[in-house]
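Okay, so here's the structure we're looking at.
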Amino acid sequence: MLEIKNLHVEFKGKEILRGLNLNLEPGKINALMGPNGSGKSTLAHVLAGDPKYNVVSGEILLNKKDILLLNPTDRAKEGLFLSFQNPVEIEGVKIHTFLRQAYNSVHGKKLSILEFNELLEKKASQLSIPKEFLSRYLNKGFSGGEKKKAEILQLLVLNPKIAILDETDSGLDIDSLKLVAEGINSFMNKDKIVLIITHYKRILQLVQPDKVSIILNGKIVLEGNGELVNELEEKGYEWLDKK
Ligand code: ADP
Ligand code: MG
């Protein structure tokens with residue numbers, strides 16, 4: 001169980017999250033939706049432990065343990081995974097090397113190159129990612145869609161407990177979106193937590209959320225089931241402002 005309690009976060013002196021409360025339960029797919037600039041990516045980065053953001057007050061508890069005290073590496077070891085809205089390009093580091101090191105670090109194991117490549121190629125084929133692609137430098141020159149697929153490859157290989165996916169569906173063509181959705185569904189089980197940050201109904205028809213939370217100006221203002229997605233599609237966010 002991941003509990004976010006009364007979280008206040010500043011970035012460069014400006015308050016962005018203003019008393020945000022959100023509970024994410026195991027076995028549940030959660031969607032987080034809200035207008036541009038409402039604080040979705042800020043929340044994702046704060047969960048992952050990005051030091052650029054200043055947590056002023058509040059708690060983030062993972063199975064009752066305060067993870068705000070942990071650095072990003074230790075949070076990853078606790079099972080937290082963030083797929084970035086804008087993945088960074090890393091010149092000189094090949095995907096397979098990067099992922100093997102990440103895997104070994106997160107799981108405290110030492111898989112041999114051979115053992116690891118077997119795992120990696122299996123997961124890549126699940127996403128229709130060609131083998132040659134795995135020898136490319138991470139995100140270097142990737143199209144928007146390729147970056148997003150590479151993020152889901154990371155998710156499937158690292159197999160964390162909690163996956164926070166920040167606009168992973170943006171920029172994907174229909175076939176890639178389906179593969180990504182299948183990937184997320186295959187990742188899911190009763191112990192996992194998924195938080196899908198998105199603007200679009202499309203992905204939520206393929207990965208059906210148990211709970212939808214709406215963020216506005218740094219706070220969750222409404223929660224509901226999958227039906228809420230249709231309501232938002234119809235009415236936008238403005239009516240929520242008046243609540
Ligand atoms: P969302 O993901 O919901 O669109 P963000 O969390 O990215 O919103 O941004 C919330 C607010 O914080 C915006 O006003 C944005 O400009 C500001 N902000 C957050 N992170 C940064 C950053 N790294 N650099 C500049 N502004 C930022
Ligand atoms: Mg964002």
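Counting begins at 1 with the first residue of the sequence. Both ligands and their constituent atoms are indexed starting at 1 by order of listing.
- Proximity of Pro35 to Leu216: side-chain heavy atoms (C-beta onward) are separated by under 4.5 Å at one or more points.
- In summary, an N, O or S atom of Ser41 is located under 2.8 Å from the Mg ion (ligand 2).
- Only one option out of Leu120, Leu158, Val180 pairs with Leu153 in a side chain to side chain contact (heavy atoms under 4.5 Å, CB included); it is Leu120.
- Other residues, nucleotides and ligands place no more than 12 heavy atoms under 6.0 Å from the CD1 atom of Ile113.
- Each side-chain hydrogen bond (donor to acceptor under 3.5 Å, both in side chains) pair with one or both residues in residues 9-31, not counting sequence neighbours, appears once here: His8-Glu15.
- Within 6.0 Å of the NZ atom in Lys161, the count of heavy atoms belonging to other residues, nucleotides or ligands does not exceed 12.
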Which N or O atoms of ligand 1 sit under 3.5 Å from a protein N or O, and how far apart is each pair?
unit_1: ligand 1; atom_1: 2 (O); unit_2: Ser41; atom_2: N; d: 2.9
unit_1: ligand 1; atom_1: 2 (O); unit_2: Ser41; atom_2: OG; d: 2.9
unit_1: ligand 1; atom_1: 3 (O); unit_2: Ser38; atom_2: N; d: 3.2
unit_1: ligand 1; atom_1: 3 (O); unit_2: Ser38; atom_2: OG; d: 3.4
unit_1: ligand 1; atom_1: 3 (O); unit_2: Gly39; atom_2: N; d: 3.0
unit_1: ligand 1; atom_1: 3 (O); unit_2: Lys40; atom_2: N; d: 2.9
unit_1: ligand 1; atom_1: 3 (O); unit_2: Lys40; atom_2: NZ; d: 2.8
unit_1: ligand 1; atom_1: 4 (O); unit_2: Gly37; atom_2: N; d: 2.7
unit_1: ligand 1; atom_1: 6 (O); unit_2: Ser41; atom_2: N; d: 3.4
unit_1: ligand 1; atom_1: 6 (O); unit_2: Thr42; atom_2: N; d: 2.8
unit_1: ligand 1; atom_1: 6 (O); unit_2: Thr42; atom_2: OG1; d: 2.6
unit_1: ligand 1; atom_1: 8 (O); unit_2: Gly39; atom_2: N; d: 3.3
unit_1: ligand 1; atom_1: 14 (O); unit_2: Lys14; atom_2: NZ; d: 3.0
unit_1: ligand 1; atom_1: 20 (N); unit_2: Tyr53; atom_2: OH; d: 3.0

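- Residues His45 and Phe84 bring their aromatic ring centres within 6.0 Å.
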